[in-house]
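For this chain, numbers begin at 1 and follow the sequence in order.
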Amino acid sequence: MLVLKEDSSTLDAFLIPPVPIYMQFYLFNVTNPEEIRFKGAKPIIREVGPYTYDEHREKYDLQWDHTEGTVTYYQNKSFVFNQEMSPGHSEDDPVTTINAVMVSIASKVEPLGPVVEALVEFAFLRFSETIFITKTVKELLWGYDEPLMTELSKYVGDPTNNKGKFGFFYPVNNTNDGNYTVKTGEKGLGDYLHITQWKGLDILDYWSTDYCNMINGSDGSQYPPRISHDSVLEIYTSEMCRSLYLTYEKDVWWDGVHTYRFIPPKAMLEDPMINPDNMCYCYPGPDDCLGAGMLNMAPCAHGAPVIMSTPHFYQGDEVELAKLDGLDPQKSQHETILDVEPKTGVTMHAEKKIQINVPLRPYGNLPSFKNVPEVIFPVLWVNESAAIDSALAKDVNKATFLPFLIVDIVFGALLVLGIVLLVIAGIKFRRIRRNRGQHKL
């Protein structure tokens, strides 16, 4: 039933997920921007949200390879604001946050010397750029016009094709992130829906070793059947430009369906000094490692100073956490989880949580950054979640429970029948032997 083919019963669910998917954004509002900017004060931030969006996915342009047992596709993602699941909030809410465009420009010109820095500082003044800006939630997520970017594109081009706009998720809405090639199960279910290529590549080129550049696992929605407590579930996520893995935590029930919960082990994002496997994620070199729970995204973000982390630095760097007022890491709120039905490998409930940060510090001799503290500055975190409803849970329960129940009943009946037949045969055998003995006498 799981094998993907042009005419398989599971194809529709593969193309368009039959469960609702939500993107919930929580933004950090800066309450003391002037004190940070001029006095190097400890940042005080307050979380606002959730701002919830319905996420619509649709795979298209499928190319089947029955020789390899794979299918290649693109997946379009679009997002629509869900007011009902955003109580008390609006896309028009103003939020004060760090000016990521200004920080990005400062980081790029820092090694270019005082003359270039002076020109850039003049540009900051001309376009009234400040380290902290106030924009609406909609602008910060999906893009706003940035005149300074438009001006700079005249001289350095527009390599990211942003057309003078900036948003933390611009231009993600109604786009795809490249084509994927996955295993269909036609050649066996041991690597079912595992990603073999992304954008035509079977290995990445962002990190310093082949180990960190591996493309492992699936997208997290489905795994090979017969999951056990010892299974390690791997996920490739293009947003983080790397593969992740999760290990078993406990058994949970989801709408009447027995599942195994998997979570990221602390070692996966541990400080490279503690877990040397993470050393290859240090950028640009081994002397530039971040603390636990953090990943420098510059190699796959066109050099932009962006740092991904766990929300509220959960299980992360305690030093960076202490530099901020307003974070409160909690396992129940900030941990990524997958609840997987073990017989089929279907994910019944998922919550993928990631935080976006921008490194703030004095950059070179730029006067605008002269007095700021050195801190990894949280901008927002997102919870991308999906869960089956009661109706689908019943279908899964029937598909996974009833066949095994029937097998158990039939097996039990056959076992009893076999025992009865053996007993009858034994009784008849003894009678035959007794009759033969009496006949001899």
Side-chain angles (χ1 to χ4, degrees), residues 17 19-29 45-57 75 77-91 93 95 97 137-138 140-142 167-170 172-173 177 218-221 233 235-242 244-246 249 252 254-255 259 261-266 268-269 293-295 297 306-316 321 326-340 347-358 378-389:
V19 298
I21 304 173
Y22 301 108
M23 286 280 277
Q24 293 183 299
F25 295 94
Y26 298 82
L27 286 79
F28 293 104
N29 185 60
I45 56 178
R46 295 293 179 261
E47 179 183 290
V48 291
Y51 297 89
T52 304
Y53 291 78
D54 298 325
E55 179 179 332
H56 302 284
R57 298 183 181 185
Q75 179 170 248
K77 292 184 180 181
S78 58
F79 304 89
V80 179
F81 186 64
N82 186 325
Q83 183 63 69
E84 185 177 349
M85 294 185 66
S86 309
H89 300 295
S90 164
E91 284 188 298
D93 290 347
V95 174
T97 188
V137 169
K138 186 175 183 179
L140 290 172
L141 294 180
W142 310 116
F168 287 100
F169 286 82
Y170 175 83
V172 171
N173 201 352
D177 62 342
S218 71
D219 66 355
S221 62
L233 304 187
I235 303 176
Y236 174 68
T237 170
S238 63
E239 296 92 343
M240 295 186 71
C241 306
R242 62 163 291 182
L244 309 173
Y245 64 92
L246 295 86
E249 182 193 29
V252 297
W254 189 258
D255 251 329
T259 67
R261 173 160 293 180
F262 287 80
I263 61 172
K266 193 174 189 298
M268 186 188 70
L269 294 175
M294 299 182 183
L295 182 67
M297 298 300 296
V306 178
I307 293 173
M308 293 289 199
S309 74
T310 50
H312 286 242
F313 298 152
Y314 171 69
Q315 289 187 335
L321 179 62
L327 297 183
D328 183 24
Q330 300 288 333
K331 175 181 173 65
S332 61
Q333 297 294 320
H334 305 131
E335 185 173 60
T336 291
I337 60 173
L338 287 182
D339 294 336
V340 181
T347 299
M348 310 295 288
H349 169 224
E351 296 181 10
K352 184 176 74 174
K353 301 169 183 177
I354 301 173
Q355 181 169 298
I356 296 176
N357 312 272
V358 173
V379 176
L380 61 87
W381 70 273
V382 58
N383 176 21
E384 185 177 28
S385 64
I388 64 167
D389 57 24

Do the two ring centres, one from His89 and one from Phe81, sit under 6.0 Å apart? no
Sequence-distant partners of Gln333, side chain to side chain donor-acceptor pair (under 3.5 Å), two or more places apart: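 With neighbours one apart ignored, the set is empty.
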Determine the minimum heavy-atom distance between Thr52 and Met85, stating which atoms define it. OG1-O, 2.8 Å
Which atom pair, heavy atoms only, marks the closest approach of Leu338 to Gly220? CD2-O, 3.9 Å
Listed partners of Glu91 passing salt bridge (charged side-chain N to carboxylate O under 4.0 Å, His left out), at least two apart: none
Residues that Lys353 engages under salt bridge (charged side-chain N to carboxylate O under 4.0 Å, His left out), provided they are two or more places apart: Glu351
Parallel, tilted or perpendicular: which one describes the rings of Phe25 and Trp142, with boundaries at 30° and 60°? perpendicular
Could you verify whether a donor N or O on one side chain and an acceptor N or O on the other, from [X] and [Y], lie under 3.5 Å apart?
X	Y	value
Ser238	Asp177	yes
Tyr51	Asp93	yes
Thr237	Glu239	yes

Output for pair (His334 NE2, Trp381 CH2), nearest 0.5 Å, gives 4.5 Å
Salt bridge or not between Glu384 and Arg57? Use side-chain N to carboxylate O under 4.0 Å. yes
Pair Arg261 + Glu335: basic N to acidic O under 4.0 Å: no
